[in-house]
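One structure below.
Chain letters run A, B, ... following the sequence lines, proteins first, then strands; residues in each count from 1.
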Amino acid sequence: VDSSERERAERFSSIFEENYGRVHAYAERRVGRDVADDVAAETLLIAWRRRDALPADPLPWLYGIARNVVARHHHSGARRRALRRSLELERQGAGAEPADDPALAAAWAALTRRDREVLALIAWEELPVGDAAKVLGCSAPVFSVRLHRARRRFEAELARGVPTARPVPDLTEAS
Amino acid sequence: MISQLPPSLARLVAANPVAADERRPRAPGAQAALARILATERESPRRIWWPRRRVVSVLIIATVLAGCGAALRAADPFGFWRSAAPGSAQYGVNPAVHVVAPKAGEIGCTLSGSAALTCQPGRSGIRYDMISETTTAVPRQFTRQSALRAIATGLADGRVSATGARHLRADILAVPGSFFAAYEELGRFETMGAGNYGANGKQLVPPHGIPILIACEQLRATIACHNLNGDEHAPVGAGIYAAIPASNWISVPTESLRAAYASSQRLIIAVLGHPFTAVELRFMIDSARYATVVSHSGGVLQGHSAPTLRRTSP
């Protein structure tokens, strides 16, 4: 039994090594750096407690757990208020916005959180559609429809242009 | 995969604000988290009572790093105790002083001294909203005997494993008696960040002179507040309010982890008079492994009578 537990611990350490950075980045984009440490640690702790259910490719599963942990943080007392402020900043373009591209940031800020999540799973978590669908707990075809709609809205916002308060850089090269 | 994406998504990929850092799993904080995780019993989320997880983990990280650097000794033990990072506050809670937090969620304040503010709900001025309250993280009179009793109770009701109890008992018997008072003292201190993170390691903070976090108490008709950063004796129960971002806020780099560790290390030396010894370090690590408290609010004050409401500090 000890030997089996040791093997599991070694396997989990290797999973931790391979995935902690990605889970942390996922969390940091959504809740900021300080809370990201807690979210990443809690996500891996939950994964360890459910280690019998660890899939062969654990990353989408870990993102799914992290998503729930982030949601719990959104709903918890004082942290909720702190997060609300950070989300307000996000909407204003000062939070976890796309870096160094004000036009993109403005379009991003205009999307719903659900659209952002769908797009982020593909663009920032770099998941294939099938894995992104697992994170959200839906089928790949359903996710594809959501992605298509989110992308259409995102492109509409991009086409709409940036608010007058923001500088309008030449994005020809960037795009 | 990126080459197959439509242009709008490819542009989004290029603008990723937080790239995954492959070195992060090997950072001391992540390794400490892994050690805690592997030590966690399956299906046993409730753990024996112990001081706050965050405090313990920060101290362990600080101690691990201290092994690589020269020990610092502060001439004025707590003179350093003020966060140099404009987005956070470091403070100590005085468990003997209790006040009533204001009920108002959002207040407007004016500076009435170098660290004091006068505030009212609905008033103009610098706007703050409540994010938390000051609480005591460690019960008073944490002694070798009380720690051994806590382990016995935890073992009896299944909150700590036999292995964990054995390690903790050995650690408790190995550390000097003076360590318990120091540990209790360390538990008074807390670092709180106000958030407001932006992209590329930047953070929004108020202009110089405006505190980002303040502690407030309800007086008869007014709300008295002061800068939380550097307050070594913040009363229990004070409302902690964070400044609400405004157009005059500035973007600064977030505090580096190394600076945060250095600050924790200075605190350890100020309280203990020296960096952790080997037995003290083992105590800290085993505390994190076997005695992590799960709830930040429940059970922390178990066994303590309700405090008398009073204000003793001038």
Side-chain angles (χ1 to χ4, degrees), chain A residues 9 12-13 16-26 28-29 31-38 40-41 44-45 47-49 51-52 77-79 81-83 85-86 88-89 92 94-101 104-105 107-108 119-120 122-124 126 128 151 154-155 158 171 174-175, chain B residues 1-2 5-27 29-30 32-34 36-38 40-45 54 57 87-88 105 129-133 192-204 240 242 244-245 249 251 254 297:
Chain A
F12 187 82
S13 298
F16 184 96
E17 179 87 13
E18 286 166 16
N19 297 288
Y20 180 87
R22 286 174 173 272
V23 172
H24 192 281
Y26 174 94
E28 188 174 338
R29 280 192 289 267
V31 293
R33 182 177 292 177
D34 269 5
V35 182
D37 287 346
D38 286 346
L44 272 302
L45 173 63
W48 171 245
R49 288 207 175 115
R51 53 192 177 272
D52 289 341
R79 203 162 284 209
R81 286 188 285 273
L83 275 170
R85 271 204 321 284
S86 99
E88 281 167 3
L89 282 170
Q92 293 161 15
E97 65 180 18
D100 302 328
D101 190 340
L104 206 69
W108 184 252
L119 294 172
I122 298 297
W124 293 346
E126 299 180 17
R151 186 160 68 84
F154 181 50
E155 285 166 355
L158 277 173
L171 293 171
S175 59
Chain B
M1 177 188 169
I2 289 172
L5 290 173
S8 60
L9 288 189
R11 193 169 154 190
L12 197 56
V13 170
N16 186 351
V18 184
D21 182 354
E22 290 178 1
R23 295 164 303 173
R24 190 174 287 279
R26 290 184 290 281
L34 176 60
R36 284 199 307 273
I37 289 168
L38 293 178
T40 303
E41 306 292 330
R42 188 186 347 212
E43 303 301 332
S44 179
R54 185 180 177 85
S57 54
S88 65
D129 69 354
M130 187 187 277
I131 60 168
S132 188
E133 285 185 10
M192 179 174 283
N196 309 325
Y197 304 101
N200 299 331
K202 299 281 187 172
Q203 184 176 21
L204 280 178
I240 297 177
I244 297 174
W249 281 38
S251 180
T254 53
S297 54

* To do: Locate the shortest heavy-atom distance separating A:L104 from B:A15; write the atom from each residue and the value.
  => CD2-CB, 3.5 Å
* Say you draw a straight line from NE2 of A:H24 to CG of B:D21; how long is it, rounded to the nearest 0.5 Å? -> 9.0 Å
* Locate the shortest heavy-atom distance separating A:A25 from B:A20; write the atom from each residue and the value. => CB-CA, 3.7 Å
* To do: Return the minimal non-hydrogen interatomic distance between B:S8 and A:E155, and the atom names on each side.
  => OG-OE2, 2.6 Å
* Structure fact -> Those residues at least two apart in sequence (or on a different chain) that pass salt bridge (charged side-chain N to carboxylate O under 4.0 Å, His left out) with A:E17 are B:R26
* Answer yes or no: are there more than 12 heavy-atom neighbours, outside A:R22 itself, under 6.0 Å from its atom CZ? => no
* If every non-hydrogen atom of A:G21 is compared with every non-hydrogen atom of B:P25, which pair is closest and at what distance? -> N-CG, 3.9 Å
* To do: Keeping the roles fixed (side chain from A:W124, backbone from B:L12), state whether a donor-acceptor pair exists under 3.5 Å.
  => yes
* Asked: How many angstroms lie between OH in A:Y20 and CG in B:L34, if you round to the nearest 0.5 Å?
  -> 10.0 Å
* Given B:I37 and A:F12, is the side chain to side chain contact (heavy atoms under 4.5 Å, CB included) satisfied, shown in steps? -> CA-CA 10 Å; B:I37 289 168; A:F12 187 82; 3.7 Å; yes
* Asked: Can you name the residues that form a ring pair (Phe, Tyr, Trp, His ring centres under 6.0 Å) with A:F154, not counting sequence neighbours?
  -> none
